[in-house]
*Asks:* 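Input: one structure, supplied below.
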2 protein chains.
Amino acid sequence: MISPSSYRTHPSPFESGLRSDGKRMTPQRKKVLSLFEEIGSGIHLSAEEVHSKLTISGEKVSLATIYRTLRLLVKMTFLNELDLSEGGNRFELLSHDHPDHHHLICIRCGRTEEFENNEVINAGKAAAENFGFKLLESSLNVRAVCPMCLNK
Amino acid sequence: MISPSSYRTHPSPFESGLRSDGKRMTPQRKKVLSLFEEIGSGIHLSAEEVHSKLTISGEKVSLATIYRTLRLLVKMTFLNELDLSEGGNRFELLSHDHPDHHHLICIRCGRTEEFENNEVINAGKAAAENFGFKLLESSLNVRAVCPMCLNK
DNA sequence: TAGCGTAATGAGAACCGCTTGCAACACAAA
DNA sequence: TTTGTGTTGCAAGCGGTTCTCATTACGCTA
Ligand SMILES: [Mn+2]
Ligand SMILES: [Mn+2]
Ligand SMILES: [Zn+2]
Ligand SMILES: [Zn+2]
C-alpha cells in the first residue's frame with residue numbers, strides 16, 4: 001500500500017529552479033514567495049513590510065533571511081525590485097501580463113499606481129541603441145501628489 | 001574719490017535668492033555652486049564626489065555642509081537631484097536648455113548618458129492626469145551595459 | 001532511515017549614505 | 001564696533017541593508 005506521503009508531487013518552478021542550482025528549498029523561502037503570491041501583483045512591499053506581515057501571521061523569519069530571500073527571488077525573476085525612493089526599495093510579484101509597467105507615486109502618502117506605456121519602453125530601447133548600450137531595463141517613476149493629499 | 005571697493009556689484013541670482021529669504025552668502029556655498037558651474041552641465045556628482053573635488057583643489061568644506069548646501073541648491077532650483085541608484089544620489093547643474101532629460105546608466109562602470117524624449121514627458125503627464133494626481137516630476141532611468149563594459 | 005556534507009538561518013555587528021545636535025564662528029545690520 | 005542670528009564643523013545618530021559566524025537542517029547516499 002502506498003502512503004499519501006509517498007506520492008511524488010511535481011516540484012514548483014521555484015523549487016526546481018533552486019534545485020538546478022544546488023540551492024535548497026526551505027520553509028522561510030516558501031513563506032516569503034507565498035506571501036507575494038497570496039497578496040497578488042500590484043502591491044509593492046518593503047523588506048520591513050514583508051517581515052512584519054509574516055510576523056503578524058505567526059511566521060518567524062529573520063529580517064536578514066528576508067533580505068537574502070528577496071535578493072534571491074529577484075535573481076530568479078519571481079520578484080521585481082523597485083526603487084521608488086523614500087524609505088527603502090520595494091518588491092512586487094513579477095506579473096507576466098504586465099511585465100513592463102511604470103509607477104505613479106504620491107510623495108506625501110506613498111500611494112502608488114501602475115500604468116503601462118509603450119512609448120516609454122521604446123524610448124528606453126532607442127536610447128540604449130543610440131549609444132550602443134545593451135538594455136537591461138528601464139523604469140519611469142512619476143512623482144506627484146494624489147487627490148486625497150491635495151485637499152488637506 | 002570712489003575707491004574700487006565701494007562699487008556695488010550686482011548680487012548674483014544665488015546671492016539675492018539667499019538674501020530675500022533671510023539666508024546668507026558664505027564661502028562654502030559659493031564654492032559648491034561654483035564647482036558645478038565650472039564643470040558644466042551633464043555631469044552627475046555625488047555628495048562625496050563634491051567633497052573630494054573641493055578637498056583636492058585645496059578648499060576645505062565639511063561633508064555635512066556639502067549635504068546641507070546641496071539640499072539648499074536643489075530647493076533653490078540651481079541643482080537637480082537624481083536617484084540613479086548605486087551608491088548615493090547625484091546632483092547636476094539644472095540646465096535651462098535641457099531641463100527634462102533622462103538618463104542611460106551603465107550598471108558596470110557608472111557611465112551615464114543623457115537623452116531627451118517628449119513622449120516620456122507626455123506619458124508622465126498623462127499618467128498623473130488619469131489618476132487625478134498633481135504632477136511634480138517624472139524621471140526615466142534606463143539601466144544598461146555600455147560598449148566598453150560589454151567586451152571584457 | 002541514519003549519517004553526512006554543505007547550504008541556509010538567526011542574531012547581532014558592521015556598513016553606507018545621510019541627517020542632526022550642539023558649541024564655536026562669522027555675516028551683516030545698526 | 002557691537003550684537004543677533006544664520007552657518008559651520010564635528011561627532012553622534014539613524015534607517016536601510018549586508019556581513020560574520022556559530023548553529024541548524026536539507027537532501028543525497030548507503
Ligand atoms: Mn508595480
Ligand atoms: Mn543629467
Ligand atoms: Zn497621497
Ligand atoms: Zn560601462
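Residue numbers start from 1 in every chain, and the chains themselves are labelled A, B, ... in the order their sequence lines are given, proteins ahead of strands.
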*Asks:* Could you tell me whether A:E49 and A:K53 have a side-chain N and a carboxylate O separated by less than 4.0 Å?
*Replies:* no
*Asks:* Check the distance between C:dT6's P and A:K23's NZ and give it to me in whole angstrom.
*Replies:* 15 Å
*Asks:* Could you give the CD-to-P distance, from B:Q28 to D:dT8, as a whole number of Å?
*Replies:* 5 Å
*Asks:* Would you call the rings of B:F14 and B:F78 parallel, tilted or perpendicular, where under 30° means parallel and over 60° means perpendicular?
*Replies:* perpendicular
*Asks:* CZ of A:R29 versus C1' of D:dG27: gap in Å, rounded?
*Replies:* 13 Å
*Asks:* Whole angstrom is fine here: how far is it from CG in B:L18 over to C1' in C:dA29?
*Replies:* 17 Å
*Asks:* Expressed in angstrom and rounded to an integer, what is the separation of B:D21 atom CG from C:dA28 atom P?
*Replies:* 14 Å
*Asks:* Below 4.0 angstrom from OP1 or OP2 of D:dT8, is there any side-chain N or O of B:T26?
*Replies:* yes
*Asks:* Between B:E15 and B:R19, does at least one N-O distance fall below 4.0 Å, as a salt bridge requires?
*Replies:* yes
*Asks:* Between C:dG17 atom P and A:N89 atom CG, what is the distance in whole Å?
*Replies:* 14 Å
*Asks:* Can you tell me if B:S62 touches the phosphate of D:dT8, counting only side-chain N or O atoms and a distance under 4.0 Å to OP1 or OP2?
*Replies:* no
*Asks:* For B:R19, answer base if it contacts any base atom (sugar-phosphate contacts may also be present), sugar-phosphate if it contacts only those atoms, and nothing otherwise; contact means non-hydrogen atoms under 4.0 Å.
*Replies:* sugar-phosphate
*Asks:* For A:T69 and B:F91, find the nucleotide of DNA chain C closest to each by heavy atoms; which residue's nucleotide sits nearer the 5' end?
*Replies:* A:T69
*Asks:* Think A:Y67 has a side-chain N or O under 4.0 angstrom from the OP1 or OP2 of D:dT17?
*Replies:* yes
*Asks:* Should A:E113 and A:R111 count as an ion pair when the cut-off is N to O under 4.0 Å?
*Replies:* yes
*Asks:* On a plain distance test, is the side chain of A:R24 in donor-acceptor contact with the base of C:dT6 below 3.5 Å?
*Replies:* yes
*Asks:* State, without any angle test, whether A:E114 and A:H44 hold a side-chain donor-acceptor pair at a distance under 3.5 Å.
*Replies:* yes
*Asks:* In whole angstrom, give the distance that lies between atom NZ of B:K60 and atom P of D:dC10.
*Replies:* 10 Å
*Asks:* Indicate, yes or no, whether a donor-acceptor pair under 3.5 Å links the base of D:dG9 to the side chain of B:R68.
*Replies:* yes
*Asks:* Please work out if B:E48 contacts a base, only the sugar-phosphate, or nothing of the nucleic acid, heavy-atom cut-off 4.0 Å.
*Replies:* nothing
